[in-house]
Amino acid sequence: MAILMAGLVFNGLSAVNSSMDSPKEAAMALAKKAARSEKSDEAAQAYIYYSEAAALQPKNRRYKEKMAVLQTKAARQSKPQPRPDERAATDSADPEKLFSPGIGPEDVFDSMTEREMSQARELKGLPTLQARAGKQDFDLNADPRELFDKVAERFGLQTVFDGDYPTGGARVAFKVDQVDYREALNDLQAATGSFLIPISSRLFMVAKDTQQKRNDLEQTMAIAVPVPQAVTTQELTELAQVIRQTANVEKIAWDTSQARIVMRDRVSRVLPAVALLQQLLAYRPEVMIDLEFVQVASSDLANYGFTVTNSFSGFVLGRLLNNTVSIPSGVTNLLTFGGGRTLIGIGIAQAQAMFNDTYTTSKSLYQTQIRSVAGQAATLHVGEKYPVITGGYFGTASPSQQGQIYSPPPSFTFEDLGLTLKVTPFVHGMGEVTLTLDTSFEVLTGQAINGIPVIGRRNLLSQVRLRTDEWAVIGGLLNTTQARSVSGFLGLANLPLLGYLFRQVSTDQEENNVLIGIRPHLLALPPDQIVSRTLRVGSDARPYTPI
């Protein structure tokens with residue numbers, strides 16, 4: 001850049017006579033010289049002329065934008081010159097170069113603060129054109145450069161041309177009616193075989209539409225698209241294949257740590273690929289499913305009847321030959337024979353009547369919600385995980401050569417005890433949802449084989465079609481127990497009517513019911529209710545560049 005600034009000083013003294021022309025007229029004259037130099041592929045000289053014009057007219061943004069476009073190419077064409085101290089050391093042997101003045105970057109550029117440097121490092125958004133609103137009619141016949149200049153001027157835009165863009169050439173007839181700036185520029189690109197690169201909101205560059213020019217001039221961007229958690233790895237892989245084959249994106253990767261798809265390529269490929277990916281991800285309707293588990297348990301225990309003794313005790317009352325009868329202590333009811341002169345007595349217990357009834361009932365309710373997308377299963381487990389041994393060493397362990405006894409540790413897995421429900425929704429428009437249900441209930445049976453517990457399992461497979469916000473009972477687990485036992489006096493308890501006085505009856509009735517209720521809610525529109533956007537991508541040889 002030192003040679004550019006040096007040229008700015010010396011050419012500024014010889015190009016314009018400030019005493020003869022006004023600053024505006026001098027700047028216009030310099031701009032014309034810059035345009036001629038640009039056509040002659042002298043980017044460095046054109047950059048110097050635009051710099052002089054911008055110095056004379058600081059408020060003219062067009063000169064500064066032209067400088068920004070030509071800066072890189074001008075730096076390539078210019079030859080670097082050493083600093084003054086370096087020139088003095090290297091050119092001391094050449095008398096003609098001893099008097100050549102040198103200007104360093106610190107003599108031309110202003111110093112930047114830390115805040116300005118940090119702002120310069122921030123990534124800026126993709127430049128897009130902000131043209132004048134409204135529609136225009138065009139009926140032109142001119143060369144491509146003149147056509148772009150006239151169309152851009154009508155919409156308040158400015159143009160710059162690539163150094164290799166042809167000058168003059170065949171005239172092109174351009175006639176369109178009632179088009180905005182996007183339609184007019186797109187039609188003009190197709191008519192002239194050119195493509196546009198937006199540089200700022202008002203300035204764009206025109207280049208010949210060739211593969212080499214697109215690789216050199218079209219902007220490259222990298223973008224990360226977040227992926228919803230509901231999408232599986234297989235579905236994401238298929239989406240990436242669709243994007244790669246449709247949009248021809250050069251590089252596409254998946255960031256597993258943050259669930260994002262990263263794409264990097266030219267702007268004309270990346271932007272349509274992102275729009276297509278977002279539409280494909282939005283076509284999965286989400287369903288919220290309300291689940292309720294109702295458990296009702298009841299128990300009825302009844303005992304009734306009469307309790308009489310069915311065993312009699314005999315006691316020795318005294319000696320022979322008119323001895324006095326002695327009644328043992330603790331005997332209340334004693335049946336004696338012979339007027340108290342017998343030697344043996346029989347004890348009779350008292351009879352008891354009983355009637356007991358115990359009735360208990362309990363009800364428990366469990367409510368939850370699960371969320372899924374159409375065609376993807378969601379699983380809910382209510383219960384606990386129980387360790388079950390799957391392998392172990394139970395033989396006699398022989399000692400090793402060092403005298404140590406080693407027994408391999410057992411291996412085990414965790415089984416899901418309780419209720420496990422797997423739901424797969426399928427959406428039918430706005431009104432109905434089909435739910436495929438796989439319900440299993442696992443409990444310990446209390447038995448074991450070789451130390452491994454036996455697990456009992458009940459499984460229910462069903463499918464139900466419901467309207468949105470409609471309840472349905474999809475199934476239940478029923479457990480009913482009935483028991484009746486009779487005990488009493490042998491022989492007398494079996495009499496038809498009198499037997500009730502000599503027997504006791506116990507009844508036990510238990511019921512345990514579990515009902516599962518389900519209700520779907522539609523959270524997103526199904527695919528038939530979403531209007532797909534049309535994407536303009538152009539052909540493979542000439543892709544569409546967003547402007």
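As the structure is a prediction and not an experimental result, all values here were calculated from the model.
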Using residues 413-420 as the side-chain source, report each donor-acceptor pair under 3.5 Å to any protein atom, sequence neighbours left out, with the distance given to one decimal.
unit_1	atom_1	unit_2	atom_2	d
Asp416	OD1	Lys385	NZ	2.6

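The shortest heavy-atom contact between Arg202 and Gln130 is NH1-O, 2.8 Å. Between Pro425 and Val373, the shortest heavy-atom distance links the atoms CG-O, 3.6 Å. Scanning all heavy atoms of the two residues, the minimum distance from Leu466 to Pro520 falls at CD1-CD, 3.8 Å. Listed here is the closest heavy atom pair of Gly375 and Phe426: CA-CE2, 3.9 Å. Taking both residues in full, the closest heavy atoms of Val267 and Pro546 are given as CG1-CD, 4.1 Å, listed atom of the first, atom of the second, then distance. Heavy-atom minimum distance, Val179 versus Phe155: O-CZ, 3.8 Å.
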- Query: Should Thr434 and His428 be marked as a side-chain hydrogen bond (donor to acceptor under 3.5 Å, both in side chains) after you check the CA-CA gap, both sets of side-chain angles, and the distance that decides it?
  - Reply: CA-CA 8 Å; Thr434 297; His428 308 285; 2.7 Å; yes
- Message: Assess the residue pair Ile243 and Leu280 against the criterion (side-chain contact (heavy atoms from CB on, under 4.5 Å)); give the C-alpha distance rounded to whole Å, side-chain angles, the decisive distance to 0.1 Å, and a yes or no.
- Response: CA-CA 10 Å; Ile243 297 300; Leu280 294 176; 4.3 Å; yes
- Residue pair Leu435, Thr424: steps toward the side-chain contact (heavy atoms from CB on, under 4.5 Å) verdict: CA-CA 6 Å; Leu435 301 176; Thr424 305; over 6 Å; no
- Message: For a side-chain contact (heavy atoms from CB on, under 4.5 Å) check, start with the C-alpha distance between Met263 and Val274, then their side-chain angles and the critical distance, and finish with the verdict.
- Response: CA-CA 8 Å; Met263 290 180 283; Val274 172; 3.4 Å; yes
- Message: Using side-chain contact (heavy atoms from CB on, under 4.5 Å), reason through Thr128 and Ile547 one step at a time and then give a plain yes or no.
- Response: CA-CA 6 Å; Thr128 56; Ile547 56 177; over 6 Å; no
- Using the salt bridge (Lys or Arg N to Asp or Glu O under 4.0 Å) rule, take Glu286 and Arg371 through it: C-alpha gap first, then chi angles, then the decisive distance, then the call. CA-CA 7 Å; Glu286 296 184 1; Arg371 183 175 181 176; 2.3 Å; yes
- Query: What do the steps show when you test Gln463 against Thr436 for side-chain hydrogen bond (donor to acceptor under 3.5 Å, both in side chains), and what is the final call?
  - Reply: CA-CA 5 Å; Gln463 191 176 49; Thr436 301; 3.1 Å; yes
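With values rounded to the nearest 0.5 angstrom, Thr360 atom OG1 is found 8.5 Å from Leu301 atom CG. We find the CD1-OG1 distance between Ile370 and Thr379 to be 8.0 Å, quoted to the nearest 0.5 Å. From Ile252, atom CD1 reaches atom CZ of Arg269 across 13.0 Å, with rounding to the nearest 0.5 Å. Atom CD of residue Glu250 and atom CZ of residue Arg266 lie 8.5 Å apart, to the nearest 0.5 angstrom. The distance from the CD atom of Gln369 to the CG atom of Asp290 is 4.5 Å, given to the nearest 0.5 Å. Going from atom CG of Leu277 over to atom CG of Leu239 covers 6.5 Å, rounded to the nearest 0.5 Å.
Using a 4.5 Å heavy-atom threshold, the side chains of Leu217 and Met205 count as touching. Using a 4.5 Å cut-off on side-chain heavy atoms (C-beta onward), Asp438 and Leu421 make no contact. You'll find the side chain of Met430 reaches within 4.5 Å of the side chain of Pro526, heavy atoms only. The shortest side-chain heavy-atom distance between Pro285 and Val427 falls under the 4.5 Å cut-off. Inter-residue side-chain proximity for Leu523 and Val287 is flagged as unmet; no heavy-atom pair is nearer than 4.5 Å. Using a 4.5 Å cut-off on side-chain heavy atoms (C-beta onward), Pro453 and Tyr386 make contact. Here the side chains of Arg484 and Val505 are in contact, with some heavy-atom distance below 4.5 Å. Tyr359 has its side chain within reach of Asp300: a pair of non-hydrogen atoms, C-beta onward, lies under 4.5 Å apart.
Stacking of Arg214 on the aromatic ring of Phe195 is recorded, both the 6.0 Å distance cut-off and the 45° axial limit being met.
Within a 6.0 Å radius of NZ in Lys422, other residues, nucleotides and ligands contribute 12 heavy atoms or fewer. By the neighbour-count criterion of 12 heavy atoms within 6.0 Å, atom CZ of Arg264 is sparsely surrounded, having that number or fewer from other residues, nucleotides or ligands.
With hydrogens and angles left out, the side-chain atoms of Gln509 and Gln482 include no donor and acceptor closer than 3.5 Å. For the residue pair Asn459/Ser440, the side-chain donor-acceptor check at 3.5 Å is not satisfied. Under 3.5 Å, the side chains of Asn186 and Glu183 contain no donor-acceptor pair of N or O atoms. Under the 3.5 Å distance criterion, with hydrogens and angles disregarded, a donor-acceptor pair is assigned to the side chains of Gln504 and Ser487.
In terms of modelled atom types and a separation under 3.5 Å, the side chain of Tyr181 and the main chain of Leu129 share a donor-acceptor contact.
The side-chain contact (heavy atoms from CB on, under 4.5 Å) test with Glu218 is passed by exactly one of Thr545, Asp265, Leu196: Thr545.
One finds a salt bridge joining Lys213 and Asp162 here, because a Lys/Arg side-chain nitrogen approaches an Asp/Glu carboxylate oxygen to under 4.0 Å.
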